[in-house]
Amino acid sequence: MGFNERVWEVTKQIPKGKVSTYKEIAKALNCRAYRAVGNALNKNPFAPIVPCHRVVSSNGGLGGFAYGVKAKIKILKTEGIEIKEDKIVEFEKRLFKLKTFQEIKR
DNA sequence: CGGTTGACCAAGT
DNA sequence: GACTTGGCCAACC
């Protein structure tokens, strides 16, 4: 299993209404490949299955989205996450505590 | 095997 | 608050 798949596995556990960051995902994989995480999500072939729209920047900003940031905002709002001025509202409270890749694979 | 490119980050100006 | 800088790591040429 390659790096990308591990990224997707970790991302899949984020529930509706919560978010996580590129950095946190890297941490869950026991490395610091924030940028590589972004790349992996960008190429994500499981568009709806892996909730890549729930992954945002560490500073509470939105990050990017393969189909446009606008679409990302729309989806997040649909799921009950408020966005103001391109920032996540109550960012810290919306953060989901990720499990390690190992823990997921139990 | 180098060099470049990102949906990045933190610290410094 | 806006830039710039250096560091990060997989993927692709």
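Numbered from 1 within each chain, the chains take letters A, B, ... in sequence-line order.
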Student: Can you tell me how far C1' of C:dA11 sits from CG of A:Leu41, to the nearest Å?
Tutor: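 It is 14 Å, rounded to the nearest whole Å.
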Student: Rounded off to whole Å, could you give me the CG-to-P distance for the A:Leu62 and B:dC8 pair?
Tutor: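 Nearest whole value for this atom pair: 11 Å.
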Student: May I have the distance from A:Lys43 (atom NZ) to B:dA7 (atom C1'), rounded to whole angstrom?
Tutor: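 It is 12 Å, rounded to the nearest whole Å.
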Student: What about A:Val19 and A:Val50, same hydrophobic cluster or not, with Ile/Leu/Val/Met/Phe/Trp/Tyr joined at side-chain heavy-atom distances under 4.5 Å?
Tutor: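 No, A:Val19 and A:Val50 fall in different hydrophobic clusters.
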Student: Show which side-chain atoms of residues 82-91 of chain A pair as donor or acceptor with protein atoms under 3.5 Å away, not counting sequence neighbours.
Tutor:
none

Student: Check whether any side-chain N or O of A:Lys18 sits under 3.5 Å from a backbone N or O of A:Lys97 as a donor-acceptor pair, and report yes or no.
Tutor: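 No, A:Lys18 side chain to A:Lys97 backbone: no donor-acceptor pair under 3.5 Å.
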Student: Please determine whether residues A:Ile75 and A:Val55 belong to a single hydrophobic cluster, defined as Ile, Leu, Val, Met, Phe, Trp and Tyr linked transitively by side-chain heavy-atom distances below 4.5 Å.
Tutor: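 Different clusters.
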Student: Expressed as a whole number of angstroms, how long is the span from A:Asn39:CG to B:dG6:P?
Tutor: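 It is 8 Å, rounded to the nearest whole Å.
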Student: Has A:Gln13 got a side-chain atom pairing as donor or acceptor with A:Lys99's backbone, closer than 3.5 angstrom?
Tutor: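 Yes, the answer is positive, given that a donor and an acceptor are paired below the 3.5 Å cut-off.
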Student: Donor-acceptor pair, A:Ser57 side chain versus A:Gly63 backbone, under 3.5 Å?
Tutor: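 Yes: the side chain of A:Ser57 pairs with the backbone of A:Gly63.
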Student: Counting only non-hydrogen atoms, which of residues 9-35 of chain A are less than 4.0 Å from DNA chain B?
Tutor: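 Nucleic-acid contacts, sorted: A:Tyr22, A:Lys23, A:Tyr34, A:Arg35.
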Student: Give a yes or no on whether A:Ile14 and A:Leu41 share a hydrophobic cluster (residues Ile, Leu, Val, Met, Phe, Trp, Tyr; joining criterion: side-chain heavy atoms under 4.5 Å apart).
Tutor: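 Yes, it is one cluster - the side chains of A:Ile14 and A:Leu41 are joined through contacts under 4.5 Å.
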Student: Below 3.5 Å between N/O atoms, which protein atoms pair up with nucleotides 1-4 of chain C? Just atom names and distances, please.
Tutor:
none

Student: Can you check the A:Arg6 CZ to C:dC9 P distance for me, whole Å?
Tutor: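 Going from CZ in A:Arg6 over to P in C:dC9 covers 13 Å.
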Student: Any sub-3.5 Å donor-acceptor pair from A:Thr100's side-chain atoms to A:Glu103's backbone N or O?
Tutor: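 Flag not set: sc A:Thr100 to bb A:Glu103 has no pair under 3.5 Å.
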Student: To the nearest 0.5 Å, how far apart are CG in A:Leu98 and CG in A:Leu29?
Tutor: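 One gets 9.0 Å once the value is rounded to the nearest 0.5 Å.
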Student: Check this for me: does any side-chain nitrogen of one of A:Glu9 and A:Arg6 sit under 4.0 Å from a carboxylate oxygen of the other?
Tutor: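 No, A:Glu9 and A:Arg6 are not salt-bridged.
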Student: Give me the distance, rounded to whole Å, that separates B:dA7 from C:dG6 when you measure between the P atoms they each carry.
Tutor: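 Those two atoms are separated by 22 Å.
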Student: Please list all pairs passing the ring pair (Phe, Tyr, Trp, His ring centres under 6.0 Å) test where one or both residues lie in residues 9-66 of chain A, with sequence neighbours left out.
Tutor: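 Sorted result for residues 9-66 of chain A: A:Trp8-A:Phe46, A:Phe65-A:Tyr67.
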Student: Using a heavy-atom distance cut-off of less than 4.0 Å, which residues of residues 48-58 of chain A contact DNA chain B?
Tutor: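 Under 4.0 Å from DNA chain B: A:Cys52, A:Ser57, A:Ser58.
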Student: Would A:Ile49 and A:Leu76 show up in the same hydrophobic cluster when neighbours are defined by side-chain heavy atoms closer than 4.5 Å?
Tutor: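 Different hydrophobic clusters.
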Student: Establish whether A:Val10 and A:Phe96 are linked, either directly or via other cluster members, by ILVMFWY side-chain heavy-atom contacts under 4.5 Å.
Tutor: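 Yes, it is one cluster - the side chains of A:Val10 and A:Phe96 are joined through contacts under 4.5 Å.
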Student: I need the CG-C1' distance between A:Asn42 and C:dC12, as an integer number of Å.
Tutor: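 Going from CG in A:Asn42 over to C1' in C:dC12 covers 14 Å.
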Student: Side-chain N or O of A:Asn4 less than 4.0 angstrom from OP1 or OP2 on C:dA11?
Tutor: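 For C:dA11, OP1/OP2 do have a side-chain N/O of A:Asn4 under 4.0 Å.
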Student: Please list, in numerical order, the residues of residues 81-90 of chain A that have a heavy atom closer than 4.0 Å to any atom of DNA chain C.
Tutor: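 Contacting residues: none.
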